[in-house]
Amino acid sequence: MAEKQHLYLVDGSAYIFRAYHRLPPLTDPEGTPVGAVYGYTTMLWKLAEDLDKAEGPTHLGVILDKSSHSFRNDIFPEYKANRPPPPEDLVPQFPLIRDATRAFSLECIEEQGLEADDLIASYARAAAAQNWDVTIVSSDKDLMQLIGEGSESIGKIDMLDTMKNQRISIPEVAEKFGVAPELVGDVLALMGDSVDNIPGIYGVGPKTATKLIQEHGSLTAALDSAADMKKSKLKERLLEHRADAELSRILVTLKEDCDLPVPIESFKLDGVPPEPLATFLTKHGFTSLLRRLDTGSGSPERTTNLNPAKAITAGVAGTEKGNRQASPEMTPIDRSAYECVQDRETLDRWISKCFAARVIAVDTETSALDAMQADLVGISLATGPNEACYIPLAHGGSDMFTEKPKQIDREEALEALRPLLASDAVLKIGQNIKYDLNVLARYNTPISPIDDTMIISFDLDAGRGEAGIGGGHGMDELSVRHLGHSPLSFKDVCGTGKKQIPFGEVPLDRATEYAAEDADVTWRLHSLLKPRLPIEGGTKVYERVDRPLVPVVAQMERHGIKVDRAQLSRLSEEFATTMGTLETQIHEDAGQEFSIGSPKQLGEILFDKLGYKGGRKGKSGQYSTDLTMLEKLAEQGAGIATRVLEWRQLAKLKSTYTDALQAAINPNTGRVHTSYSLVGAQTGRLSSTDPNLQNIPIRTEIGRQIREAFVADEGNVLLAADYSQIELRLAAHMADVPSLKEAFEQGEDIHSRTAREMYGEVNRETRAQAKTINFAILYGISRWGLAGRLGVEADEAQAMIDRYFERFPGIQRYIAETLETVRERGYSETLFGRKTWFPRINSKNQAERQGSERAAINAPIQGTCADIIKRAMVRMMPALDTAGLGHVRMLLQVHDELVFELPEGDVEAATSIIRNVMAKAAEPAVKLDVPLGIEIGSGTSWGAAH
DNA sequence: GATGTCACG
DNA sequence: GACGTACGTGACATCA
């Protein structure tokens, strides 16, 4: 009897309410809602898994509420009377909680007339009395009354909030209530509880209640003192409502001496037997958990880098000779096992197989990379390791002398596949499934519901790549990292360069190996990565933000945006003419012809031949000729520098925009379709490629003409809505800076406010400096960096930084705390729980470390901003739809801006919906202390909409 | 394929 | 004492 017993009491009823509100509305294969049950199951899993850990349970029991009526209703009929009924799709989940508990072979206690809290109190006291430690798994404030340090003969009682992964003991109670646990009931009796309909003292809230109990030491003393208080509202209320407080004290008192329905010893946790757990997990489609149960963890050497969650191993008896068998996802890839589907019968067999599997991987093969133009060449499906097929649909045909291979007619095959791809009962996994969504959308074949291994990987591991190992989320990389397997590469089957052939020309045996392997690998990756989400805290951001965003962004890409080709062409010509003139002059200045676009040649001309002052830079030994350098030379009177700068600007605009955008117009739609990456930026921002529509010029007059070329379709206008100063607003909230928050609440100019705080005076110069400093703060600051930007000495810059921190101490605290947690945990987190990893934060290399530190300061702010606009995007079309504005098209996202296309007559109605969705996008998950300002404009072009 | 430059938030 | 000097991106031209 050496080791101390530790009883965990799970407040099951309270948990599922919270799980319901914090997890996605999942349904099982039979259509029963199971989101909350899933959350509950993973929580039990995690607790049971801690069996051998120091703080882990030796005994575990679940306590539930039997019914809504308890002895408290006999005392006070209105008790809990104004609780709204539970949500419709939560009701069927209550009985499943009992099923889940029994599936874990755990005791599940409930008693008529008693609330779960009373049973928990009684078990906790009984266990502590025999010197067991007790942990109550709940965050219910009423239960905080029970917390205690324990003594030599009495066990310790604490609480565990599994949602926040937080232990609650005396210091946490003191922080919340300002008093010791024994006095929590007195505080609660004064403040009351509107949810439970406990009256308390009318007009007394948590602050006043705490103060009264702190001052007087008990409820009775506080109430007695009222008579001697000087005249005040509070005095009146205490006197008038004394009876309410006394009634409340009774209601909040936990009954600690209930008869225990089963003895405490029966909570003994002895590992979880595989049955009936496996049956339960199967029935409700919790396949990812099921696989973990079957197999134990994967080979450690293949997964060390990413530390996947340890699988539950307790009670997995029956594996031969005690050896763990390899996980199914680790079964060696066998390409010869894949099937090529060339006739209808085989296809139908695979479709049935997919319906039965319920979780399948899908991959499309196409003739090109552009989802908006590529032809569909084939589809591959996987239902499990080495269970995969390829369905060729458009192979052969480029060579009129050889016969096309046998394959099912494309439209016939799609017709057969549509019910499967659209079925709610079958989850379709893809690696970058947005691509497949867009290709198949052009064949009238929607896919839903979906999962995306690339995005799951990103939500778990963004930023996690070590130097040289690679931290990307592409399939080949993920496959090597997690499966220890290099899939056939596209090059292997299609060749490269001039010899490259389109996928449709690849012989079917080879195409099957490649395509089916991709689906197989995707399926395996999903089974490894998806279970990590709930365990590592990634579910919220994946389910609530990134997964629902996929179809939204896909639709935006398909919409595209119209550009005025003639306008772009005019600009191209104009730029070319001016560049020609400049080129001649520059060559004259230089006394020779040279390639102006070559920094190497330019540097040699400027510094060697013409003898201007300037230094070498970097290990390449090249002269620097960038903007700041050329501006310095221009100040010295170098006319050539001015002309080179102008030439460069035009060259940039022409090559990157006016020429490239014309080439990017899709011949079928006449519009430009960008491709957004949801995993492109470590912070959670989107990025835009082919073409990049997130860096269209706006800052200079000449560049702005390019924005004029982005236009609305006839009869429509473009509407641009952007968050104003959102990053500074979030910084004010997250760092808790009262003066900045106040400035935003009052709609003040934030840079002027900063200038006033720092210099006591607002003029053009101080405002400009304040603006620079404000941004410097968001990016992590160094005295040299700031000095360079402001053109002052480093000492002076340091003085400004000191002054800033003095005026806004919250900012300094935020930076210190952020860095501390990142150093400790390895990642930063946004307000919505998105993680970004910083593996180099503790590097011995100073430059590397400081770079990570600056990025880590910025990531929570930039990332929270990204989360907010993503949430707005997810909600936007449903909101517009409800308002009868379903025809409004959302076209572009530029980090803090959304661009829409709509009939001119709808601008007013749409403006109010869009503003509302954007302004409230953080809610209800996060309540910001600052308002989110939205600026909206419209016009026939993007330029005019600003 | 690396490097330098510059467009955006 | 040197390092390299603001966060996050993508595209293009040049050159090895």
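By convention in this document, chain letters (A, B, ...) are assigned in the order of the sequence lines, proteins followed by strands, and residues within each chain are numbered from 1.
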Quiz item: R699(A) side chain N/O closer than 4.0 Å to the phosphate oxygens (OP1, OP2) of dC8(B)?
Solution: yes
Self-check item: Under 4.0 angstrom between S688(A) side-chain N/O and dG10(C) OP1 or OP2
Solution: no
Quiz prompt | Pair Y814(A)-D736(A), side-chain hydrogen bond (donor to acceptor under 3.5 Å, both in side chains): steps then yes or no | solution = CA-CA 8 Å; Y814(A) 165 81; D736(A) 190 19; over 6 Å; no
Exercise. Answer with base, sugar-phosphate or nothing: what part of the nucleic acid does N845(A) contact at a heavy-atom distance below 4.0 Å?
Key: nothing
Practice problem: Check every strand shown and say whether I696(A) touches a base, only sugar-phosphate, or nothing at a heavy-atom separation below 4.0 Å. | Solution: sugar-phosphate
Quiz prompt | Side chain to side chain, D722(A) and H946(A), heavy atoms closer than 4.5 Å | solution = yes
Exercise. Give the rounded distance in Å between these two atoms: CD1 of I773(A) and P of dA6(C).
Key: 15 Å
Practice problem: Mind calculating the distance between OH (Y723(A)) and P (dC8(B)) to the nearest angstrom? | Solution: 23 Å
Quiz item: The side chain of H895(A) lies closest to which of these nucleotides: dG4(C), dG8(C), dA11(C)?
Solution: dG8(C)
Quiz item: In whole Å, what separates the P atom of dA7(B) from that of dC3(C)?
Solution: 30 Å
Quiz item: Which nucleotide in the list dG8(C), dA6(C), dT5(B) gets nearest to the side chain of S624(A)?
Solution: dT5(B)
Quiz item: Can you find a side chain N or O atom of R789(A) that sits less than 4.0 Å from OP1 or OP2 on dA6(C)?
Solution: yes
Quiz item: Using 30° and 60° as the class limits, which term best fits the ring planes of W942(A) and F710(A): parallel, tilted or perpendicular?
Solution: perpendicular
Practice problem: Mind calculating the distance between NZ (K870(A)) and C1' (dG9(B)) to the nearest angstrom? | Solution: 15 Å
Self-check item: Polar side-chain contact Q846(A)-dC3(C) base: donor and acceptor under 3.5 Å
Solution: yes
Exercise. Just compare dG9(B), dC15(C), dA11(C) and give me whichever is closest to any side-chain atom of Q601(A).
Key: dC15(C)
Practice problem: Check whether any side-chain N or O of T689(A) sits under 4.0 Å from OP1 or OP2 of dG10(C), and answer yes or no. | Solution: no
Quiz item: Taking only N and O in the side chain of Q649(A), is any of them less than 4.0 Å away from OP1 or OP2 of dT5(B)?
Solution: no
Practice problem: Please measure how far the C1' atom in dA2(B) lies from the corresponding atom in dA6(C), and state the result in whole Å. | Solution: 24 Å
Quiz item: Are R823(A) and E820(A) ion-paired here, with the side-chain N under 4.0 Å from a carboxylate O?
Solution: no
Quiz prompt | d(CD1, I706(A); C1', dC8(B)) in whole Å | solution = 12 Å
Exercise. Give Q682(A) one of three labels, base, sugar-phosphate or nothing, depending on what nucleic acid heavy atoms sit under 4.0 Å from its own.
Key: sugar-phosphate
Quiz item: Hey, does L898(A) have a side-chain heavy atom less than 4.5 Å from the side chain of I914(A)?
Solution: no
Exercise. With P as the reference atom in both, quote the distance from dG4(C) to dT5(B) in angstrom, rounded to an integer.
Key: 16 Å
Quiz item: To the nearest 0.5 Å, what is the distance between CE (M800(A)) and CZ (R783(A))?
Solution: 14.0 Å
Quiz prompt | NZ or CZ of K654(A) within 45° of F575(A) ring axis and under 6.0 Å | solution = no
Exercise. May I ask you to say what E727(A) touches in the nucleic acid, namely base, sugar-phosphate or nothing, with a heavy-atom cut-off under 4.0 Å?
Key: nothing
Self-check item: Under 4.0 angstrom between T656(A) side-chain N/O and dC12(C) OP1 or OP2
Solution: no
Exercise. May I ask you to say what R648(A) touches in the nucleic acid, namely base, sugar-phosphate or nothing, with a heavy-atom cut-off under 4.0 Å?
Key: sugar-phosphate
Quiz item: With sugar-phosphate meaning primed atoms plus P, OP1 and OP2, does L786(A) contact a base, only sugar-phosphate, or nothing at under 4.0 Å between heavy atoms?
Solution: nothing
Quiz item: Between the base of dC6(B) and the side chain of K652(A), is there any donor-acceptor pair under 3.5 Å?
Solution: yes
Quiz item: Q622(A) has a side chain; which of dC12(C), dG4(B), dA11(C) sits nearest to it?
Solution: dG4(B)
Quiz item: Using a cut-off of 4.0 Å on non-hydrogen atoms, how would the nucleic acid contact of N695(A) be classed: base, sugar-phosphate, or nothing?
Solution: base
Quiz item: With a 4.0 Å cut-off on heavy atoms, is G597(A) in touch with a base, just the backbone sugar-phosphate, or nothing at all?
Solution: sugar-phosphate
Quiz prompt | Between T864(A) and D867(A): side-chain donor-acceptor atoms closer than 3.5 Å | solution = no
Quiz item: Reckon A847(A) touches a base, only the sugar-phosphate, or nothing at all at heavy-atom distances under 4.0 Å?
Solution: nothing
Exercise. In whole angstrom, give the distance that lies between atom OH of Y657(A) and atom P of dG10(C).
Key: 13 Å
Quiz item: Considering only dA6(C), dC8(B), dC15(C), which nucleotide approaches the side chain of P697(A) most closely?
Solution: dC8(B)
Practice problem: Could you tell me whether the phosphate oxygens of dC7(C), OP1 or OP2, come under 4.0 Å of any side-chain nitrogen or oxygen in R854(A)? | Solution: yes
Quiz item: What is the distance, rounded to the nearest whole Å, between atom CG of D626(A) and atom P of dT3(B)?
Solution: 16 Å
Quiz item: What is the distance, rounded to the nearest whole Å, between atom CG of L686(A) and atom P of dG9(B)?
Solution: 15 Å
Quiz prompt | Touch class at under 4.0 angstrom, heavy-atom based, for T772(A) against every strand present | solution = base
Quiz item: Taking D546(A) as the fixed residue, which of K870(A), K434(A), R685(A) is the one that meets the salt bridge (charged side-chain N to carboxylate O under 4.0 Å, His left out) rule?
Solution: K870(A)
Practice problem: Identify whether any heavy atom of S782(A) sits under 4.0 Å from a base atom; if not, whether one sits that close to sugar-phosphate; answer base, sugar-phosphate or nothing. | Solution: base
Quiz item: Can any side-chain N or O of K609(A) pair as donor or acceptor with the backbone N or O of A590(A) at less than 3.5 Å?
Solution: yes
Exercise. Please check the phosphate of dT5(B) (OP1 and OP2 only) for any side-chain N or O of T625(A) closer than 4.0 Å.
Key: yes
Quiz prompt | Consecutive-pair stems (3 or more, Watson-Crick or G-U, under 3.5 Å) for DNA chain C | solution = B:1-9 with C:7-15
Quiz item: So, the side chain of R767(A) versus the backbone of H751(A): is there a donor-acceptor pair under 3.5 Å, distance only?
Solution: no
Exercise. Describe the nucleic acid contact of A859(A) in one word from base, sugar-phosphate, nothing, applying a heavy-atom distance below 4.0 Å.
Key: nothing
Practice problem: Using a heavy-atom cut-off of under 4.0 Å over every strand shown, decide if I698(A) touches base, sugar-phosphate, or nothing. | Solution: sugar-phosphate
Quiz prompt | Distance, rounded to the nearest Å, where R783(A) contributes CZ and dC3(C) contributes P | solution = 18 Å
Quiz item: Counting side-chain heavy atoms from CB outward, which of dC7(C), dT5(B), dA7(B) is closest to P599(A)?
Solution: dT5(B)
